[in-house]
Peer 1: 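Sharing a structure below in structure tokens format, with a few things to ask.
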Amino acid sequence: MASTVPLSKPLLTHSGEVSELILRELTAADIVAVKQSPFKVTVLPDKTTVVEQRYDVLMTLGSRLSGVDDLVLGKLSAPDFHKLTNAVIEEWNANSGE
């Protein structure tokens, strides 16, 4: 499921200025390329489960899905980065096979 991430502040890319990132659908090649889940799940001794987001993996997936270099995406504002990571997580979850 492709999605569009509107940006609150335009981003200067190699192709020019963009005000939104268009993410293509996640593929098997993307999952294999990142070699890990964007989540780290830890079960504590008291059986509590802790789920952490791996922002480095989310950045790599965001770059692959948008076609924008991760060094360029590093210039996103924090709110725009969170919008991007949320869109990537939605795409990951939509394709988790559950």
Side-chain angles (χ1 to χ4, degrees):
M1 163 181 84
S3 62
T4 301
V5 178
L7 303 177
S8 61
K9 189 171 135 183
L11 183 65
L12 184 58
T13 70
H14 300 298
S15 302
E17 198 172 85
V18 297
S19 58
E20 61 185 19
L21 296 172
I22 299 170
L23 306 183
R24 64 169 173 75
E25 187 173 323
L26 183 72
T27 66
D30 298 317
I31 295 168
V32 171
V34 295
K35 299 179 182 166
Q36 56 188 327
S37 166
F39 306 106
K40 178 181 178 185
V41 179
T42 306
V43 179
L44 302 177
D46 69 356
K47 306 292 186 213
T48 304
T49 302
V50 178
V51 179
E52 298 174 60
Q53 293 180 358
R54 293 179 169 162
Y55 289 103
D56 56 333
V57 177
L58 290 167
M59 175 70 90
T60 301
L61 286 168
S63 176
R64 289 182 65 88
L65 299 182
S66 68
V68 176
D69 188 273
D70 60 346
L71 292 175
V72 174
L73 290 179
K75 297 183 186 312
L76 286 170
S77 68
D80 285 343
F81 179 65
H82 284 292
K83 284 191 244 178
L84 172 62
T85 59
N86 287 336
V88 171
I89 289 167
E90 285 180 25
E91 182 65 26
W92 181 274
N93 290 337
N95 290 284
S96 66
E98 295 179 3

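None of these values were measured; they are calculated from a predicted model. In what follows, every heavy atom counts, from backbone to side chain, and hydrogens, waters and symmetry copies are set aside.
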Peer 1: Does Tyr55 share a hydrophobic cluster with Val41, counting links as ILVMFWY side-chain heavy atoms below 4.5 Å and allowing steps through other members?
Peer 2: yes
Peer 1: Do any N or O atoms from the side chain of Thr49 and from the backbone of Val43 form a donor-acceptor pair under 3.5 angstrom?
Peer 2: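 Looks like no, no N/O pair under 3.5 Å.
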Peer 1: Could you go step by step and tell me if Leu58 and Trp92 meet the side-chain contact (heavy atoms from CB on, under 4.5 Å) rule?
Peer 2: CA-CA 10 Å; Leu58 290 167; Trp92 181 274; over 6 Å; no
Peer 1: Are Glu90 and Asn93 close enough that some pair of their side-chain heavy atoms sits under 4.5 Å apart?
Peer 2: no
Peer 1: Say you draw a straight line from CG of Asp80 to NZ of Lys9; how long is it, rounded to the nearest 0.5 Å?
Peer 2: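 It comes to 8.5 Å.
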Peer 1: What closest approach, in Å, do Leu84 and Val5 show between heavy atoms, and which atom pair accounts for it?
Peer 2: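 Minimum heavy-atom separation between Leu84 and Val5: N-CG1, 4.0 Å.
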Peer 1: Return the OG1 to CG distance between Thr13 and Asp69, rounded to the nearest 0.5 Å.
Peer 2: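 So the OG1 of Thr13 and the CG of Asp69 are separated by 10.0 Å.
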Peer 1: How long is the straight-line distance from CZ of Phe39 back to CD of Glu52, given to the nearest 0.5 Å?
Peer 2: 12.0 Å
Peer 1: Test side-chain contact (heavy atoms from CB on, under 4.5 Å) on Val57 and Leu61; report intermediate values, then the result.
Peer 2: CA-CA 6 Å; Val57 177; Leu61 286 168; 4.1 Å; yes
Peer 1: Do you know the tightest heavy-atom contact between Val88 and Gly62?
Peer 2: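 Distance-wise, the nearest heavy atoms are CG2-CA, 3.8 Å.
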Peer 1: Starting from the C-alpha separation in whole Å, work towards a yes-or-no answer on side-chain contact (heavy atoms from CB on, under 4.5 Å) for Leu12 and Lys75.
Peer 2: CA-CA 9 Å; Leu12 184 58; Lys75 297 183 186 312; over 6 Å; no
Peer 1: List the atom of Glu20, the atom of Thr4, and the distance in Å for their closest heavy-atom pair.
Peer 2: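 Shortest heavy-atom separation between Glu20 and Thr4 comes out as OE1-CG2, 3.4 Å.
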Peer 1: Given 3.5 Å as the limit, does a donor-acceptor pair link the side chain of Asp30 with the main chain of Thr27, or not?
Peer 2: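 Side chain of Asp30 to backbone of Thr27, a donor-acceptor pair under 3.5 Å: yes, one is there.
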Peer 1: For Glu91 and Leu26, which heavy atoms make the closest approach, and how far apart are they?
Peer 2: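 Nearest pair, atom of Glu91 first, then Leu26: OE2-N, 2.9 Å.
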Peer 1: Calculate, to the nearest 0.5 Å, the distance between atoms CZ and OG belonging to Arg24 and Ser3 respectively.
Peer 2: 11.5 Å
Peer 1: To the nearest 0.5 Å, how far apart are CG in Leu21 and CG in Leu7?
Peer 2: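 If we round to the nearest 0.5 Å, Leu21:CG and Leu7:CG are 4.5 Å apart.
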Peer 1: Nearest 0.5 angstrom please: Thr60 OG1 to Lys35 NZ, how far?
Peer 2: 11.0 Å
